[in-house]
Amino acid sequence: MDISTAGSLDKNFILDLYQEAFPEQERKPFSLIERKAAMGEMELLLIREEKKRIGFAIVAYGERLVLLDYFAISPRWRGQGYGSAALELIRELYSDRPLFLEIEKPLMTENVKAPDIRQRRKAFYLRNGMLETGVNVELFGVKMELLATVPGLTFEACEPLYRSLLGPIYRNLVKKI
């Protein structure tokens, strides 16, 4: 498996999977992501296995932190260990700084045989070395929980990255809850 900066020929694959994998209310305008990537503040990464496109990651850089903003494996390749392997490569790629991500707050369900997708997503990240931070935020009106590669991450540590990423409107879009 390999992860590399996505090229222009990868854009349609990434955009299609981005729209499929993330609810509209959780997606930033793709034009913003492309603009921030051109400025060197974000990077679109393509995940490949034997030259097959299997997923992507979009990261945002801060002075002291890296935000794994979006991460998705194509449905065709899910459940085969590619997500775990890709996340490990991403963690290695950014091992010089703490990495954090946001997940939608899990719903508590009584049906143990069919856990909420959000619970499964959280369990995936915890199984793969991410840690609970206890930090909850509201992003674009969606309640999210922050997970990180280091213990003790605070909202205040993440705030400069959000400010840089979203500009002056970030205060209207991101708040600690």
Side-chain angles (χ1 to χ4, degrees), residues 1-3 13-14 16-28 33 42-49 52-62 65-158 161-162 165 173-177:
M1 171 177 294
D2 97 352
I3 294 183
F13 169 79
I14 291 172
D16 289 346
L17 183 53
Y18 177 69
Q19 291 173 338
E20 177 186 341
F22 298 94
E24 185 175 354
Q25 69 271 19
E26 292 181 25
R27 293 191 309 248
K28 290 177 183 67
I33 293 169
M42 294 186 88
E43 187 171 16
L44 284 83
L45 300 169
L46 183 67
I47 302 165
R48 285 194 184 108
E49 175 67 26
K52 295 178 189 118
R53 293 178 182 121
I54 64 167
F56 75 88
I58 298 173
V59 297
Y61 305 114
L65 298 169
V66 174
L67 168 64
L68 178 55
D69 208 6
Y70 298 96
F71 174 63
I73 300 295
S74 180
R76 175 179 176 192
W77 303 105
R78 289 181 193 154
Q80 300 175 50
Y82 291 119
S84 295
L87 186 58
E88 179 60 30
L89 288 175
I90 292 166
R91 291 183 61 193
E92 288 173 16
L93 193 59
Y94 301 106
S95 62
D96 62 328
R97 291 179 273 182
L99 178 77
F100 77 101
L101 57 88
E102 310 132 350
I103 58 168
E104 196 171 359
K105 292 278 295 172
L107 297 175
M108 296 299 139
T109 67
E110 293 178 16
N111 187 351
V112 176
K113 292 184 182 188
D116 176 71
I117 184 71
R118 292 171 241 177
Q119 289 174 315
R120 292 194 334 242
R121 188 174 297 127
K122 181 176 180 178
F124 164 80
Y125 284 117
L126 294 176
R127 247 189 345 269
N128 286 285
M130 300 302 288
L131 305 170
E132 292 180 294
T133 64
V135 178
N136 296 295
V137 297
E138 189 173 299
L139 300 167
F140 304 95
V142 179
K143 291 182 169 106
M144 307 288 265
E145 173 180 356
L146 301 186
L147 302 179
T149 56
V150 295
L153 183 78
T154 65
F155 176 75
E156 292 72 24
C158 302
L161 194 149
Y162 286 129
L165 186 60
L173 302 175
V174 181
K175 62 182 170 183
K176 184 177 177 181
I177 53 172

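Keep in mind that the numbers below use all heavy atoms, side chains included, and drop hydrogens, waters and symmetry copies. Nothing fancy with the numbering, it's 1 onward along the sequence.
Not counting sequence neighbours, the partners of Q80 by the side-chain contact (heavy atoms from CB on, under 4.5 Å) test are W77, Y82. With sequence neighbours left out, the side-chain contact (heavy atoms from CB on, under 4.5 Å) criterion links R76 to S74. Qualifying side chain to side chain donor-acceptor pair (under 3.5 Å) partners for Y125, counting only residues two or more places apart in sequence or in other chains: none.
Here the shortest heavy-atom pairing between G129 and R91 reads CA-NH1, 3.2 Å. For the residue pair G83 and I73, the shortest heavy atom distance occurs at CA-CG1, 3.8 Å.
Contact of the I103 side chain with the M144 side chain is not registered, since no non-hydrogen atoms from C-beta on lie closer than 4.5 Å. Side-chain atoms of E26 and E102, non-hydrogen and from C-beta on, never get closer than 4.5 Å to each other. Contact of the K143 side chain with the N136 side chain is not registered, since no non-hydrogen atoms from C-beta on lie closer than 4.5 Å. Proximity of I90 to V66: side-chain heavy atoms (C-beta onward) are nowhere separated by under 4.5 Å. Using a 4.5 Å heavy-atom threshold, the side chains of E138 and V174 count as separate. With contacts defined as side-chain heavy-atom distances shorter than 4.5 Å, the pair R97/L65 does not qualify.
Between Y18 and F56, the ring-plane angle classifies as perpendicular under the 30° and 60° cut-offs.
Exactly one of V59, I58, I47 qualifies for a side chain to side chain contact (heavy atoms under 4.5 Å, CB included) with F71. That residue is I47.
Within 6.0 Å of the CD atom in E156, the count of heavy atoms belonging to other residues, nucleotides or ligands exceeds 12.
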